[in-house]
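Quick notes on the structure that follows.
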Amino acid sequence: MVFKQNRFLTLMLALGVIGAAWALSQRYKVETNNRAVEIAIDYAETVKLAGASGLTVEETLMRLKKAGASSLAVQETTVADLAASGSVQIGRPGQYDSQTVILGLSHKMIDALSSTGLDIEMINPGGASGTAAIVRTKAQPDYVLSLPVGLPEQAVSAASTVGMPVVARLISYPDQDKDDIERSAALLAQNGIRKVIFAGDEVLGFRGGIDEVAEVFKKHNIIYGSVEFARQKGDGRLSAKMLPNMIRVHSITAAEMGGLDQPTAVERFEKAAKERNIRLIYVRMFDFGDPDSLEKNADYITSIASNLESEGMGAKPARIFDDPSVPIPAVILMAVGAAGGAILLILSLVRLKASLVWFGFAFLAVIFASLAASGIPIGLKLVAFSTAIIFPSLAVLHAASNTPNTPDNKPIRSNLWNAIVRFTGVVIITGAGGLIVAGLLSKLEFMLRIDQFSGVKMAHLIPIVAAAFMLASGIGWGSGTWNEQKERVVSAAKRLAEQPVLFWQAALAFILIGMVGILLARSGNEPGVGVSGLELKIRAMLDTLLVVRPRTKEFLIGHPAMFLGITAALGGRRNLAAVLLVVGTIGEVSLLNTFCHIHTPIAISVLRSIIGAALGLAIGVILLIIFSRPAGDAGHKRASKDSGRKQVGVQK
């Protein structure tokens, strides 16, 4: 085995895992110290509930607060909203020439409108005589209608009365400058508002002012809530600029709510908080149409809060995450471990002189350590991507190496224990790579999904293609000199070129290519292929039965195939083993990819991987027992049948 023969490199790999454990312990502390999840309810929907229930808004808020709601999300009012409600009038009366006139604004609204940068002139201040204020501006009416005039005063007042903090849903508008943003932030601070979510399809400052927005918001200690899946323009850049004053938000849109039942919505919020570091959930209501709607929605919120509590996450105001601050020595250890894994991969294929091995290791260790220790995201991602290629490939070679090249004519089940041990080694090797990737990327921007592991599809494809090439060419079954391995590749290519392609071989190749294509289409941050109804049912069942649901392609396909491939390889059945091991590589790349999702808490990733491997091994063992009945049993049964026939013949 390459690990026993190269103990120093194996030690370096082990040091890499120790460095990863060191880094991940820092991340684990950060994740476990921040378990508060804020439940925000929508003000406009609360008003509807109050109307349906015959209660005041304050009484409705108090009931929902007792149910578990943490805060009230309030959207800014626009001039168009005021005009639609009849609160203000907008037009161009002849006596004011061609200028736009707004009648009926309060002084707070005028202050908010001024903070947008709109140049306005007071015509009638109103107030003392009971008349409303009148202002005019040179801006066009359509532009004026789109501008915000601050949060509804009655909403802020109601929230204050019941002791609920307000989450401001701000509206982006064009042509804002730093002074405008400063005035808006100051108004929020005056009302004690610290959390902001943007309404619409873009964030404030998207058109050239994001740096100013971030600077002013951080000055006023405002926390930005980034809504996952919302695709708001400018969100990524603002999130990066706002660190560490940023939290992740999950919401179910009003359109989606129409197709969901309450248990599904509750489960969705729970999984978002548990598995994706979501710390604010924006809850929309289910029912508004009957007198019991308030109680129904209160029970809905209670269910969300109870589920969060059962997972050790309190329904409390959200807090920002601390940076894990991974020590540089840990980063260097991980880089050295990745370099050790790379050289072990090469030695699994080709025997090299000791001097070349030492030089290659030192060179790679210096390169990887320099890239990782720089702290630059691209450097960390390059080392992480290399690790994601190296370790699944090394695991497959461990599965295939030093196995007999001819069938041993023993029952396949005779290799059961050795196959279990070797399969465990395969999972440990891949898991070691996963831990190193997770440790390298344990930075706040990756935890909050502002930045992500790059090259997901290639990290899936390359190990599978490499496994197919190494096993088909013969170089993956054991190391040799450069000339020996080159001869094996040439010989295999000649044999392949001379042999006709049979129908079953073409069909098998088509199936394998299709499986890899589906795998790639479903990988990455934006999968191109959805999930079937059957798989959704399996997922729901596993979510109910298990602490963490493992990945389907691991425990149903990859891991069983890897175990069966190892069993076939140990029995000398290389043709069958090669196909199964290539399919099994799907499980290994999926296992490692689990650790590339840094926004998932590390404890969840570890549990998911262990459960997936254990289930996959169990399925593989069951399949082996079912389909590999010992030849002796079958022969004994045939002999018994023949004997029975002879006895019947004698009787006749």
Side-chain angles (χ1 to χ4, degrees), residues 19-38 194-197 203 210-211 213-215 217-219 221-230 232 234-250 272-280 313 317-332 334-335 371-385 434-454 456 525 594-606:
W22 187 0
L24 293 173
S25 67
Q26 299 295 105
R27 176 174 147 195
Y28 178 76
K29 289 177 184 177
V30 169
E31 290 169 342
T32 53
N33 287 338
N34 187 352
R35 305 285 285 169
V37 180
E38 187 166 333
R194 288 200 59 218
K195 296 187 181 77
V196 164
I197 301 173
V203 303
I210 284 180
D211 290 351
V213 170
E215 180 184 344
F217 278 12
K218 290 173 79 172
K219 172 186 171 183
N221 204 24
I222 290 173
I223 297 172
Y224 168 57
S226 173
V227 184
E228 68 169 351
F229 311 134
Q232 289 179 309
D235 169 68
R237 187 177 173 192
L238 181 59
S239 295
K241 293 288 183 181
M242 283 296 297
L243 282 178
N245 286 24
M246 179 260 183
I247 56 174
R248 300 185 70 226
V249 179
H250 183 76
K274 175 183 175 182
E275 299 185 8
R276 300 198 300 278
N277 278 337
I278 296 296
R279 287 299 173 263
L280 191 150
M313 296 177 289
R319 298 183 290 109
I320 61 175
F321 278 97
D322 297 323
D323 194 303
S325 301
V326 175
I328 292 296
V331 174
I332 293 174
M334 289 185 281
L371 288 170
S374 70
I376 300 172
I378 186 64
L380 290 167
K381 287 194 270 188
L382 280 171
V383 180
F385 177 76
L435 291 174
I436 291 174
V437 170
L440 286 169
L441 302 183
S442 287
K443 294 175 70 68
L444 196 55
E445 55 263 43
F446 291 96
M447 291 173 59
L448 295 175
R449 210 175 180 180
I450 297 168
D451 203 351
Q452 301 178 68
F453 174 88
S454 297
V456 172
N525 301 313
T594 294
F595 291 92
C596 298
H597 296 272
I598 312 301
H599 61 282
T600 299
I602 186 61
I604 297 292
S605 295
V606 171

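Numbers here are sequence positions counted from 1.
Using a 4.0 Å cut-off between charged nitrogen and carboxylate oxygen, Asp322 and Lys29 do not count as a salt-bridge pair. Looking at Asp451 and Lys443, no side-chain N of the basic residue comes within less than 4.0 Å of a carboxylate O on the acidic one, giving no salt bridge. In summary, Glu215 and Lys219 do not engage in a salt bridge, as defined by a charged side-chain N under 4.0 Å from a carboxylate O. Between Glu228 and Arg276 there is a salt bridge, with a side-chain nitrogen of the basic residue lying less than 4.0 Å from a carboxylate oxygen of the acidic one.
Neither side chain, Asn33 nor Tyr28, offers a donor N or O lying under 3.5 Å from an acceptor on the other.
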Yes or no on side-chain contact (heavy atoms from CB on, under 4.5 Å) for Met246 and Ile450, after CA distance, side-chain angles and deciding distance? CA-CA 10 Å; Met246 179 260 183; Ile450 297 168; 4.0 Å; yes
Under the side-chain contact (heavy atoms from CB on, under 4.5 Å) rule, what do Thr600 and Phe595 come out as? Steps first, then yes or no, please. CA-CA 8 Å; Thr600 299; Phe595 291 92; over 6 Å; no
With side-chain contact (heavy atoms from CB on, under 4.5 Å) as the test, would you mind laying out the steps for Met334 and Trp22 before giving the verdict? CA-CA 10 Å; Met334 289 185 281; Trp22 187 0; over 6 Å; no
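The backbone N or O of Ile598 lies less than 3.5 Å from a partner atom in the side chain of Arg27, making a donor-acceptor pair.
Annotation for Lys241: atom NZ does not count as buried by contact number, only 12 or fewer foreign heavy atoms lying within 6.0 Å.
Aromatic ring pairs are classed by plane angle as parallel below 30°, tilted from 30° to 60° and perpendicular above 60°; the pair Phe453 and Phe385 is tilted.
Put simply, the residue from Leu280, Asn277, Ile197 that forms a side-chain contact (heavy atoms from CB on, under 4.5 Å) with Ile247 is Leu280.
Not a single side chain to side chain donor-acceptor pair (under 3.5 Å) links Glu445 to another residue, sequence neighbours left out.
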